[in-house]
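Reviewing the structure listed below.
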2 protein chains.
Amino acid sequence: MDRTTGIFVDGMGAAAATSGILNQLQGRIFALLYLQPGPLSLDEIATELEQSKSNISVNIRGLVDWHLVRRSRVGGSRRDQYEAAADFWRVMQEIMERRFRWNVRQVLATIDETERAVEEERGRRDWVQFVTTRVAGLRAFFAAMDAGFGAFAHGKPLDPAALKHPLLAAVPRPRPRG
Amino acid sequence: MDRTTGIFVDGMGAAAATSGILNQLQGRIFALLYLQPGPLSLDEIATELEQSKSNISVNIRGLVDWHLVRRSRVGGSRRDQYEAAADFWRVMQEIMERRFRWNVRQVLATIDETERAVEEERGRRDWVQFVTTRVAGLRAFFAAMDAGFGAFAHGKPLDPAALKHPLLAAVPRPRPRG
DNA sequence: CAGTACGTTCAGAATATTCTAAACGCTCTG
DNA sequence: CAGAGCGTTTAGAATATTCTGAACGTACTG
């Protein structure tokens, strides 16, 4: 591997490792493919990155899932070819929906469960009141995030105003009088 | 711990574990504190979550760093008290700046290095040309992300348009005639 | 100023993740 | 239809992360 590619591969690997989306090896695989004029096979990638073929196989699947890499099969050959995709907006949409929004919904689901549980608590009326209020505050914020991320992934601007005061934003405004 | 808190703690722990920001224990600590009417000490948290005090000590520091938990010391006591913060927008700003944007800048720094390296490559003129173009495409996208995240953290809307066609957005538009 | 009540650090144990090499199964080929 | 050339699965090795308990430092307390 030439010096330029080495620097790019190392740097992108390090960035990926702290991304919370890809691991280091996935960052390296993508970086390698991104600087190639043509597609590479599994074996070529494994050799270049000094990793086992099985490890590349497993990790490249994640890259294909995020639409960061395209898999193709040329002619009648049964050898897969891989190349980097360059539609980063598409990747970001995917991450928004399948990672961030999915995570937000985990929280919303937990809030649902918690609200159901607190309704069954016997006695301790003001504690129940307190928990209900707190959980409502969390729900307002995460509901706003869910809506905001959803809109963003569909190409609409994400306005932080809804996150600053989610409780206010969640409540329908009184109509201004004529 | 009562049933309601248990459900909330477990759910938030699971969500945190896949967040890429907090680990499971940090999610559990925050959840426990969030349903408490008053602050708790390190030892109380450790007992409730069945973890060693040292482990709580280390992990709660991260929560304080993200402004998810406030540390206070009441009166002349030397016992720290912790309570959940509820300004989630502040937390999001912190994450935007110190996590996402920092990560984006890692990529931009790698691109800088790569461009410097490719300039020193001898021969292979069309390969150099190819790499330069590709890296420019990546830079345009990540520069747009950096700008967008920065604006968002300062309360301005984040418009996906700049990410859809970053190369176009980066170039100043020709003035319309007339 | 010795004793106690804390928070933190650290070495090593427990656990989870990443990686390899061998085994497997599929598909094309002669 | 046997063999070669693939990608994938899997058991276990290598490595990284998380967790504990003991040791330590500091600041109140009697």
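Chain letters run A, B, ... following the sequence lines, proteins first and then strands; every chain starts at 1.
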Ionic contact status for B/E120 with B/R116, cut-off 4.0 Å: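 Judged by the 4.0 Å cut-off on N to carboxylate O distance, B/R116 and B/E120 do not form a salt bridge.
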
Salt bridge flag under 4.0 Å for residues B/D10 and B/R28: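 Yes.
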
Could you tell me how far apart [X] ([atom1]) and [N] ([atom2]) are, to the nearest whole angstrom?
| X | N | atom1 | atom2 | value |
| --- | --- | --- | --- | --- |
| B/R78 | D/dG25 | CZ | P | 18 Å |
| A/D80 | D/dC6 | CG | C1' | 8 Å |
| B/E44 | C/dG7 | CD | C1' | 15 Å |
| B/L40 | C/dG7 | CG | P | 12 Å |
| B/R73 | D/dT26 | CZ | P | 14 Å |

Common cluster, A/F149/A/W102, ILVMFWY with side-chain heavy-atom separation under 4.5 Å: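 No: no chain of side-chain contacts under 4.5 Å links A/F149 to A/W102.
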
Interface residues of residues 19-30 of chain A with DNA chain C (non-hydrogen, below 4.0 angstrom):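 Those residues are A/L25.
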
Residues touching DNA chain C, which here means a heavy atom under 4.0 Å, drawn from residues 49-67 of chain B: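 Correct list: B/K53, B/S54, B/S57, B/R61.
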
Rounded distance [0.5 Å steps], NE2 in A/H67 versus CH2 in A/W89: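 Going from the NE2 atom of A/H67 to the CH2 atom of A/W89 covers 14.5 Å.
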
Touch class at under 4.0 angstrom, heavy-atom based, for B/R79 against every strand present: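 Sugar-phosphate contact only - B/R79 comes under 4.0 Å of backbone atoms but never of a base.
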
Distance-only polar pair, side chains of A/S52 and A/N55, donor-acceptor under 3.5 Å: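 Distance-only check fails for A/S52 and A/N55.
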
Over all atoms of both residues, closest heavy-atom pair of B/Q36 and B/L40: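 Closest pair (atom of B/Q36, atom of B/L40, distance): CG-CD1, 3.8 Å.
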
Non-hydrogen atoms of A/M92 and B/M145 that approach each other most closely: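 Looking at all heavy atoms of both residues, the closest pair is CE-CE, 4.2 Å.
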
Heavy-atom check, side chain of B/L22 versus side chain of B/L68, under 4.5 Å: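 Yes. Closest side-chain heavy atoms under 4.5 Å.
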
